[in-house]
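Each chain gets a letter, A, B and so on, in the order its sequence line appears, and its residues count up from 1. A quick note: this is a predicted structure, and the numbers were derived from the prediction, not measured. Hydrogens, waters and symmetry mates are skipped; everything else that's a heavy atom, side chains included, is used.
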Amino acid sequence: MSTPAENEASIKQESGPSGTVQDKPKKIVVRTGDGEVFELKEEVAMEMETIKTFFMEDNISYETVMPLTNVDSWELVKVIEYCSKYVELKNKENFHKELKAFQDEFVKSMSPKTLLSLSNVANYLEIKYFLDFICQAIADHIKSKDVEYVRELFGVENDFTEEEYEMAKTEAPWAHENLDKDLY
Amino acid sequence: MGKQLGRIRLLCHEELGLILAQLTDPGDRITFSQVCKEWFQLEALHRSSLRLLRHQFLRQVLPRFPNLLTFQTSEHITDPDLEFIAQTCPQLETIDLTTSGHKPFCLLGFGLVELANRCPKLSKVLLKRRRSITDHVIVSFIKFAPNLVHLDLGGCYSISDRALKAIGCCGSLRYLDLESCGFTDRGLGFLANGSCSKTLKTLILAWCKGITDVGVSRLQKMQCLEHLSLCNSSRHKITDIGGLEISAIKTLRTLNLAALAKLSNRTVAALAENCPNLEVLDVSECRLLTGAGIRAFRGHVCLETIVLHRLHQVHASDLEHLVLGCPALKSIFVHGEESLSEILPLMQERTRRFVRMGSAFPTYSSK
């Protein structure tokens with residue numbers, strides 16, 4: 001691993017059994033909106049564009065604690081869990097298969113509301129692959145559900161008037177239809 | 001960024017867009033659009049393809065879908081309509097105006113050119129049976145759409161050599177359908193000598209009355225042609241001379257020579273010998289063919305499907321020969337119950353299952 005000169009002070013150096021010097025993996029420290037402090041491995045932290053930009057753009061020292069005011073601690077725990085796994089699996093041979101297994105387990109017990117919170121966090125921290133995954137999970141949740149369920153889940157109010165709603169409901173059959181993308 | 005409303009965070013458009021992208025079932029998309037007005041608009045903004053069922057609703061319906069990539073209608077359509085589509089949906093990549101041909105002829109002229117002008121990504125254009133399309137329109141159209149990839153002018157009877165000259169200049173054309181068009185050998189020459197000869201993979205020249213062996217021979221210059229149809233074209237002016245020239249197109253994978261009554265065993269033997277990649281062959285109604293010609297395919301490594309409608313000089317034993325000699329063969333198609341009932345009893349158990357009713361290509365008859 002490379003060692004930027006200005007961070008040398010923050011790296012603890014340990015001797016290995018054979019007497020060679022080993023660098024401890026670098027850590028990035030963040031504080032969540034509810035006041036908890038987290039130490040992230042550099043490689044995991046750099047998966048989050050927001051954090052990456054914060055440190056890289058102005059060459060800020062890793063000693064600075066980055067505030068993540070829009071993220072709750074439980075959310076960050078989940079994000080770290082996902083990104084760590086992703087980084088671990090990234091270069092492996094069965095990447096897709098193992099990731100899918102992990103993804104299924106990850107969302108297993110999550111409520112739709114949890115997913116919605118996580119999608120906000122994924123967007124704020126700018127983790128594209130995580131955002132894509134969470135949105136896919138949300139989409140799976142609303143497939144085949146009715147309008148009322150979706151409204152309640154997302155906390156959205158129905159602002160159609162009766163006539164507007166009737167028009168929205170019946171427009172498709174007589175005027176046009178969606179083509180399946182796959183037809184082309 | 002999401003707005004915060006107490007503890008519930010409302011999703012921003014980006015996230016909703018990502019969710020919407022995963023909803024492919026039309027029912028789910030309708031549900032999504034009915035949640036509230038904002039979502040109704042959002043769903044429309046993310047719609048990428050549309051088929052218009054009733055012409056009179058075009059102007060009412062289309063403005064909601066400015067990001068369309070594909071537009072399709074088989075209804076009556078006018079030049080001002082196409083201009084309107086061009087103004088409303090500049091991202092358009094595909095326009096499909098294929099029609100059944102029973103509509104009143106509408107003028108399709110400057111509207112198409114306007115479409116090409118305003119939609120820089122337009123690459124696939126289908127105008128099947130829009131009979132009022134003329135050479136003049138196509139020439140102007142190509143000027144603004146030189147990167148066309150797919151063009152279907154089947155059933156546009158007025159298309160002649162002049163249009164083909166312009167089409168020949170396209171540098172990215174991969175698919176060209178000229179079924180029933182009115183061009184001659186000269187037109188084929190323009191295609192063969194033009195830039196499109198480097199890229200054309202599919203060429204449909206079915207029911208083309210104006211071509212002869214001379215034009216067909218020019219097709220040799222096509223550098224990567226894989227799918228060729230000459231079915232029902234100039235039935236007596238395409239002979240073995242043309243047939244032998246076609247066999248020189250080594251890249252051929254599917255070939256339709258149905259109803260070219262002058263073709264004989266010589267052509268079929270040449271195809272068997274010179275076209276190693278041939279997978280599908282239709283020689284229906286090529287009455288001069290006999291069993292000997294069909295047997296020439298014995299040992300052909302790629303042949304999967306062969307269509308042999310109404311070949312009275314080809315018998316069960318020839319079919320058996322073929323089945324046993326072609327390792328990749330999956331189907332031999334004959335015409336109708338009668339043929340099947342005559343042939344099948346004469347074949348061995350293990351070879352019978354390869355022979356079926358049907359065809360490999362869509363029928364080009366009166367549609």
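Residue B:K201 places its NZ atom among 12 or fewer non-hydrogen atoms of other residues, nucleotides or ligands, all under 6.0 Å distant. Remark: A:K145 NZ is packed, more than 12 non-hydrogen atoms of other residues, nucleotides or ligands lying under 6.0 Å away. Around atom NZ of A:K97, no more than 12 heavy atoms belonging to other residues, nucleotides or ligands sit under 6.0 Å away. Around the CD atom of B:Q56, the shell of radius 6.0 Å holds more than 12 heavy atoms that belong to other residues, nucleotides or ligands. The number of heavy-atom neighbours closer than 6.0 Å to NZ of B:K37, taken from other residues, nucleotides and ligands shown, is above 12.
Closest of all the heavy-atom pairs between A:V150 and B:W39 is CG1-CZ3, 3.8 Å. Summarising the geometry of A:V147 relative to B:Q34, their closest heavy-atom pair is CG2-OE1, 3.3 Å, with the distance given to 0.1 Å. Contact detail for A:R151 and B:V35: the closest heavy-atom pair is NE-O, 2.8 Å.
When heavy atoms are compared at a cutoff of 4.5 Å, A:D140 does not approach chain B at all. Heavy-atom distances place no part of A:I134 under 4.5 Å from chain B, backbone and side chain included. Using a 4.5 Å cut-off between heavy atoms, B:E14 contacts chain A through its side chain alone, with no backbone atom that close. For a residue to count as touching a neighbouring chain, one of its non-hydrogen atoms must lie under 4.5 Å from one of that chain's; by this rule B:T31 touches chain A with backbone and side chain alike.
The most heavy-atom pairs under 4.5 Å with chain A, out of B:L23, B:L20, B:T73, come from B:L23.
Rounded to the nearest 0.5 Å, atoms CZ (A:F154) and CD1 (B:I19) are 4.5 Å apart. Once rounded to the nearest 0.5 Å, the distance linking CG of A:D132 with CG of B:L18 reads 5.5 Å. For the atom pair B:C36 SG and A:E157 CD, the distance stands at 10.0 Å (nearest 0.5 Å).
Remark: the backbone N or O of A:S144 is paired with a side-chain donor or acceptor of B:D28 at under 3.5 angstrom.
Between A:L131 and B:E15, some side-chain heavy-atom pair lies under the 4.5 Å cut-off.
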